[in-house]
Amino acid sequence: MKPGHETPTSVRVTSVAPEIVTPGRRYGGVVREIGRATLSFRVSGTVRDMRQVMGAGGREHALHEGDRVMTGAALASIDSADYRREQLLAVEQLAIAEARLAQLETESELAKLELRRIGQLVRRGSVTDAELDTIRSRQRSTAAAVDGARRDVESARIHLEQAEADLASCTLFSPLEAGTVAARYIEVGERVAASEPAFLLLDLSSVVIAFGVPDTVVGRLQLGQVLQVSCEALPGQNFRGIIHKIAPAADLATRTYAVEVRVDDPQDLRPGMIATVAIDEELREFLLPLAAIVPKASDGSYEVFRVAEENGRPIVHRVPVEFEDLIDDRVTVRIGDGTALKAGDRIVATGTHRLYDGQQVQISQ
């Protein structure tokens, strides 16, 4: 039977129309603290005191892992006796240097006055040039002594500032607004060296989750955007996350963009847990059934059968199609300038394997 005279093939069609879809994108990452600080004494010494905190059962204990401390809280101190003596000695040395400077400045002023008086006598012929040279030499000597005394005062002042800084460094204070002790490395009575780690504090007032997204997603994200965070270890709990970092360039190895989400009310969310960040967006896409897509054997591209009315009969024609994503058993297709498909086109949804270009069909409900 010649093409066009056979019984029309019965097909079902679908219209190319936009639909609201919400593709659920999930990204996992390790929870970590918003900040941390490793504390150490700037000077060496023997640990004398440790902060005492109230523990379970109303009993006090020395500060240890899990305890919370506020900004400026004293954590521990070393024996400051030697540094206090050094500070007092520096105060005394500065006072001596300042007294000597004051004396030399007085002598220098007297030498200047004497030189002025001798100069007047020289003009009257009452004093010889040799006597004038002696007075000038004395004035230069006292001026040089004043300069040296000023340097001594400055050196003594620096020594005092250093001694006071060393004395203040005998006590460790928390720099974090809401710090939690993650590790304690020292004990009372232990000799510690300068810069030796004493405490590790974590700032758990907020936590962050870092993950990478592809280039198809990063453009949809913006700083301050609110996302939902969940954790398998905390079933039933959801957290409000805010995007606070987006990398400007992709990682060369993974080709993804680093994103950080901050949770300001972490509650039981702790560093080390695995959290999931949900990026749910309501998108308008053009969807076609996967069964409507026909591979084109010649070049590996894809086509669909579009139904058109010709002489009052429904006829199908192959048209190229480009699709971007797969959602369940449907694909999102490109519609617009430069594409063969247009919004409102009727496309064969099932039975494409029995069709050829230009074939008459019968549309079934």
Next item on the list: Check side-chain hydrogen bond (donor to acceptor under 3.5 Å, both in side chains) between E322 and all other residues, then give those that pass, not counting sequence neighbours.
Entry: R334
Item checked: SB check D203 R36 (cutoff 4.0 Å) -> no
Notebook entry, point to check: Where the side chain of S169 meets the backbone of A165, is there a donor-acceptor pair that is under 3.5 Å apart?
Noted result: yes
Check: Between F199 and Y185, does the ring centre distance come in under 6.0 Å?
Finding: no
Notebook entry, point to check: Residues in side-chain hydrogen bond (donor to acceptor under 3.5 Å, both in side chains) with R51, at least two apart?
Noted result: none
Check: Salt bridge check: are D345 and R306 linked by an N-O gap of less than 4.0 Å?
Finding: yes
Next item on the list: Check whether any side-chain heavy atom of K342 sits under 4.5 Å from a side-chain heavy atom of V16, and report yes or no.
Entry: no
Next item on the list: Please check if the side chain of D79 supplies one atom and the backbone of A81 the other of a donor-acceptor pair under 3.5 Å.
Entry: yes
Next item on the list: Determine, for E196 against R191, whether the closest basic-nitrogen to carboxylate-oxygen distance falls under 4.0 angstrom.
Entry: no
Next item on the list: Verify, without hydrogens or angle tests, whether T352 (side chain) and V294 (backbone) share a donor-acceptor contact under 3.5 angstrom.
Entry: no
Checklist line | 4.5 Å side-chain heavy-atom contact, L221 and V213 | finding: yes
Check: Is the shortest distance from a Lys or Arg side-chain nitrogen in E310 or R313 to a carboxylate oxygen in the other one below 4.0 Å?
Finding: no
Checklist line | Any donor-acceptor N or O pair under 3.5 Å, side chains S230, N238 | finding: no
Checklist line | Cationic N near anionic O, under 4.0 Å, R48 to E190 | finding: no
Item checked: Gap separating the CZ atom of F211 from the OH atom of Y257, nearest 0.5 angstrom -> 15.0 Å
Notebook entry, point to check: Does any donor atom in the side chain of Q139 or S108 lie under 3.5 Å from an acceptor atom in the other side chain?
Noted result: no
Margin query: For a 4.5 angstrom cut-off between non-hydrogen side-chain atoms, does C170 reach S77?
Written below: no
Checklist line | Note: E154-R151 ion pair, threshold 4.0 Å (strictly below) | finding: no
Notebook entry, point to check: Does one side chain, of E86 or H159, offer a donor that lies under 3.5 Å from an acceptor on the other?
Noted result: yes
Notebook entry, point to check: Does the side chain of V153 reach to within under 4.5 Å of the side chain of L94, using non-hydrogen atoms?
Noted result: yes
